[in-house]
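Take a look at the following structure, please.
Reminder, nothing fancy here: chain letters follow the sequence lines and each chain counts from 1. None of these values were measured; they are calculated from a predicted model.
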There are 2 protein chains.
Amino acid sequence: MTAPWQPTDGEHPRPRGVAFLLAQLGAHATGRFAERVGELGLTPPDIGLLRMIATSPGRSQQSLAADLGVVPSRVVTLIDNLDRKGLVERRRSPEDRRNHALHLTPEAERLMGEIWRVASAHEDDICSGLDESQREQLATLLGLIADRQGLTAGVHPGYRRPAHARRPDTSR
Amino acid sequence: MTAPWQPTDGEHPRPRGVAFLLAQLGAHATGRFAERVGELGLTPPDIGLLRMIATSPGRSQQSLAADLGVVPSRVVTLIDNLDRKGLVERRRSPEDRRNHALHLTPEAERLMGEIWRVASAHEDDICSGLDESQREQLATLLGLIADRQGLTAGVHPGYRRPAHARRPDTSR
DNA sequence: TATTGTTATACTCTATAACTATA
DNA sequence: TATAGTTATAGAGTATAACAATA
């Protein structure tokens with residue numbers, strides 16, 4: 001009972017192509033990662049922020065917002081969470097007292113080790129069906145696509161407006 | 001300035017591994033797809049529902065909810081949208097008048113052709129950096145992971161509770 | 001009493017806009 | 001007047017729970 005628009009469903013037990021598999025696996029990987037870091041009391045966005053601050057301490061919230069492609073007010077919320085948990089400190093910069101220089105607390109520095117362990121376990125879990133050479137092949141192919149699609153290394157588009165946020169025009 | 005928890009950032013311009021690339025590309029692919037089908041007045045969830053109904057017409061809302069791993073009340077909303085657009089019909093089943101047998105309207109049948117075209121273009125776009133053999137390789141590798149991770153063919157986990165919906169315990 | 005679908009409600013995520021302090 | 005950050009507010013997406021009709 002193959003509908004005309006369907007690409008010979010019978011021949012392919014898993015009908016959809018690379019794009020669908022990427023979407024499916026991406027959501028799966030994100031969800032599993034969220035579960036794992038959830039045990040540390042963190043969310044995936046938290047991790048990204050911590051990493052960015054660790055990489056260049058003293059950054060302003062505006063600069064984070066710009067790099068992530070989100071609105072500054074969102075960074076306020078995100079940093080508030082980390083601040084409340086005692087993981088990041090907002091230090092008023094003496095030169096320009098308008099902006100907040102962001103720094104990790106000692107506890108956060110310690111946490112980064114945990115996070116790295118969790119991320120490693122996650123990577124191994126996701127790749128568990130593949131041998132070493134397949135793993136490299138895959139990383140290469142994915143890297144090619146990421147470059148071609150113009151994705152910034154290390155910036156998860158999940159920070160930006162999510163997929164179906166914008167309701168399409170209902171007139172059709 | 002490589003922090004101790006960082007996997008030699010300098011050596012790898014794109015530091016993260018397969019898991020991160022999957023998450024990143026998955027979100028990207030989903031977003032691009034949403035843009036494309038948005039021009040047809042649809043969202044990615046809509047597409048999935050239409051496909052499931054087209055594949056087995058007469059299904060009940062409960063059965064969809066079960067397959068998608070979502071709560072029945074959500075299917076109500078989703079089907080409401082499609083109903084309002086004149087794409088799906090709820091027919092009271094004569095045997096058990098409690099459930100709604102779902103069917104595509106003729107207009108929806110026609111739309112499926114459009115959708116198929118859009119999905120094809122999307123697939124080509126996502127794979128545009130790869131040659132035919134790389135494309136096959138990639139599909140195979142992704143399929144291996146999907147199987148290993150126990151993902152149901154054709155069911156996007158995005159239907160379920162999204163990544164950071166559940167705020168982790170704030171005590172830590 | 002159990003099941004299908006629905007409505008009412010609440011919570012989270014996120015953006016927009018108005019506002020404060022500083023420059 | 002312009003900029004960094006904040007607060008107030010609103011909208012979309014989704015779950016939970018109470019409810020109606022049917023079995």
Between D:dG5 atom C1' and A:D83 atom CG, what is the distance in whole Å?
13 Å
So what does B:Q61 touch, heavy atoms closer than 4.0 Å: a base, only the sugar-phosphate, or nothing?
sugar-phosphate
Between NE2 of B:H156 and P of D:dG13 the distance, given in whole Å, is 15 Å
Rounded to whole angstroms, how far apart are CD1 on B:I79 and P on C:dT4?
16 Å
Rounded to whole Å, please give me the gap between CZ in B:R91 and C1' in C:dG5.
18 Å
Taking the side chain of B:R74 as its heavy atoms from C-beta onward, which of C:dT6, C:dC13, D:dT14 lies nearest to it?
D:dT14
Side chain of B:K85, backbone of B:G41: donor and acceptor closer than 3.5 Å?
yes
Inter-axis angle, terminal five-pair segments of the helix from C:dT1-D:dA23 to C:dA23-D:dT1 [nearest 10°]:
30°
Identify the two heavy atoms, one from A:Q61 and one from A:V76, that lie closest to each other, and give their separation to 0.1 Å.
NE2-CG2, 3.7 Å
Given atom CG of B:L49 and atom P of D:dT14, what is their separation to the nearest angstrom?
12 Å
Out of D:dT6, C:dT16, C:dG5, minimum distance to the side chain of B:V76 belongs to C:dG5
To the nearest angstrom, how far is B:L78 atom CG from C:dT4 atom P?
19 Å
Closest non-hydrogen atoms of B:V155 and A:Q24, given as atom of the first, atom of the second and distance, are O-NE2, 3.0 Å
In terms of heavy-atom contacts, A:P57 and A:H103 come closest through CB-ND1, 3.9 Å
Does B:R59 use its side chain to pair, donor to acceptor, with the backbone of B:I53 at less than 3.5 Å?
no
Starting at CD of B:Q62 and ending at C1' of C:dT6, how long is that distance when rounded to a whole Å?
11 Å
Return the minimal non-hydrogen interatomic distance between A:P72 and A:Q62, and the atom names on each side.
CG-OE1, 3.8 Å
Which heavy atom in B:A23 sits nearest to a heavy atom in A:H156, and how many Å separate them?
O-NE2, 3.3 Å
Kindly give the heavy-atom pair with the smallest separation between B:A121 and B:R36, and that separation in Å.
CB-NH1, 4.1 Å
How many whole angstroms separate atom CZ of B:R84 from atom P of C:dT6?
12 Å
Do the side-chain N or O atoms of A:R90 get closer than 4.0 angstrom to the phosphate oxygens (OP1, OP2) of D:dT6?
yes
Side-chain donor or acceptor of B:E89 paired with backbone N/O of B:D83 under 3.5 Å:
no
How would nucleotides 17-23 of chain D be written as a contact map, 5' to 3', with B for base contact, S for sugar-phosphate-only contact and - for no contact, using protein heavy atoms under 4.0 Å?
B----BS
